[in-house]
Amino acid sequence: MKDFRDLKVWERSHHLTLDVHKATAGFPREELYGLTCQMRRCSASIAANLAEGYGKRGNNEFQRYLQIASGSASELAYHLLLSRDLGFLSSIEHDTLSKQLGELRRMLTSLILKVDLERR
């Protein structure tokens with residue numbers, strides 16, 4: 001039986017989600033249903049899509065969920081930049097989260113390529 005928790009990329013995405021939750025805890029209250037919610041949702045979406053896709057049958061389905069996770073990672077990259085530019089994240093917080101996200105995106109891209117090769 002496959003367990004998504006065995007995926008290193010899922011583990012990284014889960015830790016990033018926890019860090020995003022901590023970082024957004026200090027955002028202005030008026031952003032609770034705006035940027036705070038968006039950042040939390042797209043970071044959680046990365047891990048959730050990895051988990052859901054890994055549980056599906058076949059690499060075609062898994063590949064589709066990996067692509068969705070990749071899109072969520074791109075969305076988070078923009079939200080991190082916006083948060084820094086609005087002054088909600090310090091440059092240090094932004095750089096730390098962006099570095100984590102960059103590493104996660106590289107891992108995700110490698111997995112996408114691997115699954116794609118196995119599909120063919």
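Side chains are part of it too, since the values below use all heavy atoms of this structure and drop only hydrogens, waters and symmetry mates.
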J.: To the nearest 0.5 Å, what is the distance between OG (S83) and OH (Y78)?
T.: 9.0 Å
J.: So, taking the atom named CG in L7 and the one named NE2 in H14, what distance separates them when rounded to the nearest 0.5 Å?
T.: 13.5 Å
J.: Could you list all the salt bridge (Lys or Arg N to Asp or Glu O under 4.0 Å) pairs where at least one residue sits in residues 88-103, not counting sequence neighbours?
T.: R12-E103
J.: Just by distance, do the side chain of T17 and the backbone of S13 share a donor-acceptor pair under 3.5 Å?
T.: yes
J.: Tell me whether L117 at atom CG has more than 12 heavy atoms from other residues, nucleotides or ligands lying less than 6.0 Å away.
T.: yes
J.: Can you pull out every ring pair (Phe, Tyr, Trp, His ring centres under 6.0 Å) where at least one residue sits in residues 88-120? Sequence neighbours excluded, please.
T.: F27-F88
J.: For the atom pair CG (L16) and CD (E11), what is the distance rounded to the nearest 0.5 Å?
T.: 12.5 Å
J.: Do M107 and L113 sit in the same hydrophobic cluster, where Ile, Leu, Val, Met, Phe, Trp and Tyr count as joined when their side-chain heavy atoms come under 4.5 Å apart?
T.: no
J.: Pairs under 3.5 angstrom only: tabulate donor-acceptor contacts from the side chains of residues 38-50 to other protein residues two or more places apart or in another chain.
T.:
residue, atom, partner, partner atom, Å
Q38, NE2, E75, OE2, 3.1
R40, NE, T24, OG1, 2.8
R40, NH2, H21, O, 3.3
R40, NH2, T24, OG1, 3.2
S43, OG, M39, O, 3.1
S43, OG, R40, O, 3.1
S45, OG, N49, ND2, 2.9
S45, OG, S72, OG, 2.9
N49, ND2, S45, O, 2.9

J.: Answer yes if L76 and L18 sit in the same cluster of Ile, Leu, Val, Met, Phe, Trp and Tyr residues linked by side chain heavy atoms under 4.5 Å apart, and no otherwise.
T.: no
J.: Please answer: with hydrophobic residues joined when any side-chain heavy atoms are less than 4.5 Å apart, are I68 and L66 in the same cluster?
T.: no
J.: Please evaluate residues W10 and L111 with respect to the criterion side-chain contact (heavy atoms from CB on, under 4.5 Å), reporting the C-alpha separation (whole Å), side-chain torsions for both, the decisive distance (0.1 Å), and the verdict.
T.: CA-CA 11 Å; W10 176 86; L111 184 56; over 6 Å; no
J.: Rounded to the nearest 0.5 Å, how far does CG of L104 lie from CG of L97?
T.: 12.0 Å
J.: Would L89 end up clustered with L81 when hydrophobic side chains under 4.5 Å apart are linked, directly or stepwise?
T.: no
J.: Can you see which heavy atom on V9 is nearest to which on L108, and at what distance?
T.: CG2-N, 3.9 Å
J.: Applying side-chain contact (heavy atoms from CB on, under 4.5 Å) to T96 and D19, what does each step give before you reach the verdict?
T.: CA-CA 10 Å; T96 300; D19 289 343; over 6 Å; no
J.: Does Y33 sit in a hydrophobic cluster with other residues, and if so which ones, taking ILVMFWY side chains as linked at heavy-atom separations under 4.5 Å, directly or through other members?
T.: L32
J.: Using side-chain hydrogen bond (donor to acceptor under 3.5 Å, both in side chains) as the criterion, list what pairs up with Q67, not counting sequence neighbours.
T.: none
J.: Show me the pairs that pass side-chain hydrogen bond (donor to acceptor under 3.5 Å, both in side chains) and involve residues 104-113, at least two apart or across chains.
T.: S74-R105
